[in-house]
Amino acid sequence: MKGIGMSVSIGPAEQTGLSLTRPFQLLIDGGWSDAQSGDVLDVINPADRKVLAQIPAAGGQDIDRAVRAARKAFEDGPWPAMPPGERAKLLWRIADLIEARKEEFAELETLDNGKPVTMSKWVDVPASIATLRYWSGWCTKIAGETRAVDMPGDYLAMTLREPIGVVGLITPWNFPLMSAVSKLGPALAAGCTVILKPAEQTSLTALRLGEVILEAGMPPGVVNIVTGLGSVAGAALAEHDGVDKISFTGSTAIGKSLIGAARGNLKRLTLELGGKSPTIILPDADLERAIAGAGNSIFRNSGQICVAGSRLYVARKQFDQVVGGLVKFAEQFKLGPGLDPATTMGPLVSDRQHERVLDYIGGARAEGASVITGGHGFGDAGYFVEPTIIGDVNPQMRVVQEEIFGPVLVATAVDDLDELGTLANDSIYGLSASIWTRDISTAYKLARKIRAGTITINSGSIAGPNLPFGGFKQSGWGRENGVDGIESFTELKTIITAL
Ligand code: NAP
């Protein structure tokens, strides 16, 4: 891999520069404010470790104020009662306003998260706009059913889908804007009011989204955006009895802690958690496509993708050829600051993540695995880690079992292809898997055996707001996207009338 621009300072475009000079504040009840305590958190640019901005560090009182505002907007405000077509127009307008500021959103995302600006411009921002438009369409399509009543007499029975109420949305740092709109879209389309708590490392686009939401004409209290530490603001939101549901995306460890937090009022929980997804390349696969697909799957976004194909399984006779191809693929990456358009791999998001990924690589070496390519930090300016491939692993090693969430692939040579289903399932996770073969029958049989929420065949991960997404096993509870996703923001009510 090559390093570029490591010593070149690439400043944000004028628009984004201006955006950074405006203060970042909490959005509560339609107005902007600092945290009640006045506490702030530094936002670090992961490409150079410099302070980029400051955001409020909300505490329990701020969360309480936001929950009360959302409750008032739900019980008395216009949102759940608004004609669904009006809600649809407002969601569409938010999408239009993001589109009008798309450069700013893309550059802000890159500065904050580190990802290449080409990715922010061509993936994160357009996908966020499309996602909001998709959910806009759902406002007018939420429907119940009529049911037969098997009792003597004449009845009409129907089900209604009603908004679940006040919802806490807690998001991670890997796709900050996308994660925010993927939860806001269905929650708002269903008629809920929300409190969004973005990840402390990457809250900037969520706060600018708040400006756009107000500009679009959102009534006060419907969308509240509260930044701060997960252990303080996130925990206070998850525990608050005024919240009817938490929709959480993040690590399995924190996801489990929310089960306890939800106990007080039995609030509903949707959990989109971690993964350790297998990529399986069968001997008859189109190897060129499979190698590019496997490489993209683990190295895109510096490997910080929940569905990253982080475990590779290849027949022993093809192992050297496939891994050799992946080494070449890894070495093509240009590591550098995300704002440089030539960068194809940015830094990891934070010091903590940088240390964590390097620690996993060191641990693998200590356990006897071999580093085939990469394996080190890169430069001393930011949180860069070389794209890394690790071989000579066994199924018990930490690098094979645990989610690393960085550009690290562990490669296993397989002697008995009948064992592939078992190997793929040898994980506490079950988020996704990909299978590469020209034999569609083998592909489907293997797909049925693998316990994972999404399986791709001859493709890296593909997602869309209409494709159900979520995990088996410890990758989560529930599904996001499509009809399943929106229904998770509703309660089902049955009405029976004697005629
Ligand atoms: P994380 O540490 O679990 O944090 C996720 C969110 O939870 C952040 O907003 C965090 O706030 C907040 N949080 C932390 N402690 C909390 C607590 N005690 N109560 C309530 N909220 C709390 O995860 P991450 O490191 O940001 O993200 C990486 C993880 O997310 C990986 O495991 C990845 O697989 C997973 N992920 C899953 C999906 C999916 O759809 N399945 C998608 C993307 C990522 P702070 O950041 O402010 O502490």
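Atoms within a ligand are numbered from 1 in the order they appear, just like the ligands themselves. None of the values given here were measured: they were computed from a predicted structure. Counting begins at 1 with the first residue of the sequence.
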Asks: Using a plain distance cutoff, I'd like to know if C306 has any nitrogen or oxygen under 3.5 Å from a nitrogen or oxygen of ligand 1.
Replies: no

Asks: Can you confirm if the aromatic rings of F24 and W32 lie within a centre distance of less than 6.0 Å?
Replies: no

Asks: Hey, is A238 touching ligand 1 through its side chain, its backbone, both or neither, going by heavy atoms under 4.0 Å?
Replies: neither

Asks: Report the part of L237 in contact with ligand 1, treating N, CA, C, O as backbone and CB onward as side chain, heavy atoms under 4.0 Å; options are side chain, backbone, both, neither.
Replies: neither

Asks: Give a yes-or-no answer on whether the side chains of S179 and T249 include a donor-acceptor pair shorter than 3.5 Å.
Replies: no

Asks: Who's the nearest protein heavy-atom neighbour of atom 5 (C) of ligand 1, and how far?
Replies: T249 O, 3.7 Å

Asks: Under 4.0 Å between a side-chain nitrogen and a carboxylate oxygen: does that hold for R101 and E104?
Replies: yes

Asks: Please indicate whether any nitrogen or oxygen in W173 is less than 3.5 Å from any nitrogen or oxygen in ligand 1.
Replies: yes

Asks: Has K245 got its NZ or CZ under 6.0 Å from the middle of the six-membered ring of F489, at an angle within 45 degrees of the ring axis?
Replies: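 The answer is yes; both the distance and angle limits are met.
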
Asks: Verify whether one side chain among S297 and T279 offers a donor that lies under 3.5 Å from an acceptor in the other.
Replies: no

Asks: Specify the protein heavy atom at minimum distance from atom 47 (O) of ligand 1: its residue, its atom name, and the distance to 0.1 Å.
Replies: K197 NZ, 2.7 Å

Asks: Measure from atom 19 (N) of ligand 1 to the protein's non-hydrogen atoms and state whether any distance is below 4.0 Å.
Replies: yes

Asks: With backbone taken as N, CA, C and O and side chain as the heavy atoms from C-beta onward, which portion of E403 lies under 4.0 Å from ligand 1: side chain, backbone, both, or neither?
Replies: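 It is the side chain that touches ligand 1; the backbone stays farther off.
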
Asks: Below 3.5 angstrom, do we get any N/O pair linking S475 and ligand 1?
Replies: no

Asks: Checking S136 against R87: is there a side-chain donor and acceptor pair closer than 3.5 Å?
Replies: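 S136 and R87 do not have a side-chain donor-acceptor pair below 3.5 Å.
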
Asks: Which heavy atom of D244 sits nearest a heavy atom of I164, and at what distance?
Replies: CB-O, 3.5 Å

Asks: Between the side chains of E402 and Y360, is a donor N or O closer than 3.5 angstrom to an acceptor N or O?
Replies: yes

Asks: So between Q353, E200, K276, whose heavy atom ends up nearest atom 45 (P) of ligand 1?
Replies: E200

Asks: Between Q25 and S33, do the side chains contain an N or O donor and an N or O acceptor separated by less than 3.5 Å?
Replies: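 Q25 vs S33: no donor-acceptor pair found between side chains.
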
Asks: I need the contact type for F405 against ligand 1. Using non-hydrogen atoms and a strict under-4.0 Å cut-off, is it side chain, backbone, both or neither?
Replies: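 Under 4.0 Å from ligand 1, F405 contributes side-chain atoms alone.
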
Asks: In the protein, what heavy atom is nearest to atom 35 (C) of ligand 1, and what distance, to one decimal place, separates them?
Replies: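 That would be G250 O, 3.1 Å.
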
Asks: Any idea which protein heavy atom is nearest atom 40 (O) of ligand 1, and the distance to it?
Replies: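 I find the closest protein heavy atom is F469 CE2, 3.1 Å.
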
Asks: Below a 4.0 angstrom heavy-atom separation, can you tell me which part of Q201, side chain or backbone, both or neither, approaches ligand 1?
Replies: side chain

Asks: Is any side-chain heavy atom of T343 less than 4.5 Å from a side-chain heavy atom of L335?
Replies: no

Asks: Side chains of R208 and S19 only: does a donor on one sit below 3.5 Å from an acceptor on the other?
Replies: yes

Asks: Could you find the nearest protein heavy atom to atom 37 (C) of ligand 1 and give me its residue, atom name and distance?
Replies: L273 O, 3.1 Å

Asks: Which option wins on minimum heavy-atom distance to atom 21 (N) of ligand 1: G234, S251, A206?
Replies: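 Of the listed residues, G234 has the closest heavy atom.
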
Asks: Show me which atoms of ligand 1 lie under 4.0 Å from any heavy atom of N174.
Replies: 43 (C), 44 (C)

Asks: Quick one: does T252 get an N or O within less than 3.5 Å of an N or O on ligand 1?
Replies: no

Asks: Please determine if K115 forms a cation-pi arrangement with F175, meaning its NZ or CZ atom is less than 6.0 Å from the six-membered ring centre and no more than 45° off the ring axis.
Replies: yes

Asks: Please report the closest heavy-atom contact between P198 and A206, naming both atoms and the distance.
Replies: CG-CB, 3.8 Å

Asks: Heavy atom of I305 under 4.0 Å from ligand 1?
Replies: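 It does not, in that no heavy atom of I305 comes within the 4.0 Å cut-off of ligand 1.
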
Asks: I need the atoms of ligand 1 closer than 4.0 Å to a non-hydrogen atom of L229, numbered in the order shown.
Replies: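 So the answer, numbered in order with elements, is 47 (O).
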
Asks: Identify the protein heavy atom lying closest to atom 9 (O) of ligand 1, giving its residue, its atom name and the separation to 0.1 Å.
Replies: T171 O, 2.7 Å

Asks: Under 4.0 Å from a heavy atom of L431: give me the atoms of ligand 1 that qualify, with their elements.
Replies: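 Near L431, meaning under 4.0 Å from one of its heavy atoms, ligand 1 has 41 (N).
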
Asks: Would you mind checking which non-hydrogen protein atom is closest to atom 14 (C) of ligand 1, with the distance to 0.1 Å?
Replies: G230 CA, 3.5 Å

Asks: If you have a sec, work out which protein heavy atom is nearest atom 12 (C) of ligand 1 and how many Å separate them, to one decimal?
Replies: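 Result: I170 CG2, 3.7 Å.
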
Asks: Quick one: CG on D241 to CG on N265, what's the gap to the nearest 0.5 Å?
Replies: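 Here the rounded value is 4.5 Å.
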
Asks: Taking only heavy atoms of L258 into account, list the atoms of ligand 1 that are under 4.0 Å away from them.
Replies: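 Close to L258: 19 (N), 20 (C).
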
Asks: Does a donor on one side chain and an acceptor on the other come within less than 3.5 Å for R300 and S461?
Replies: yes

Asks: Could a heavy atom of F248 be found less than 4.0 Å from some atom of ligand 1?
Replies: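 Per 4.0 Å heavy-atom rule, F248 contacts ligand 1.
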
Asks: Distance under 4.0 Å to a non-hydrogen atom of P172: what atoms of ligand 1 satisfy this?
Replies: 26 (O), 27 (O), 43 (C), 44 (C)

Asks: Do V385 and I361 make a side-chain contact, defined as non-hydrogen atoms from C-beta onward lying under 4.5 Å apart?
Replies: yes

Asks: Is S257 close to ligand 1, meaning an N/O of one under 3.5 Å from an N/O of the other?
Replies: no

Asks: Below 4.0 Å from ligand 1: does a non-hydrogen atom of G228 turn up there or not?
Replies: yes

Asks: Will you find, in the side chains of T270 and K183, an N or O donor that is under 3.5 Å from an N or O acceptor?
Replies: no

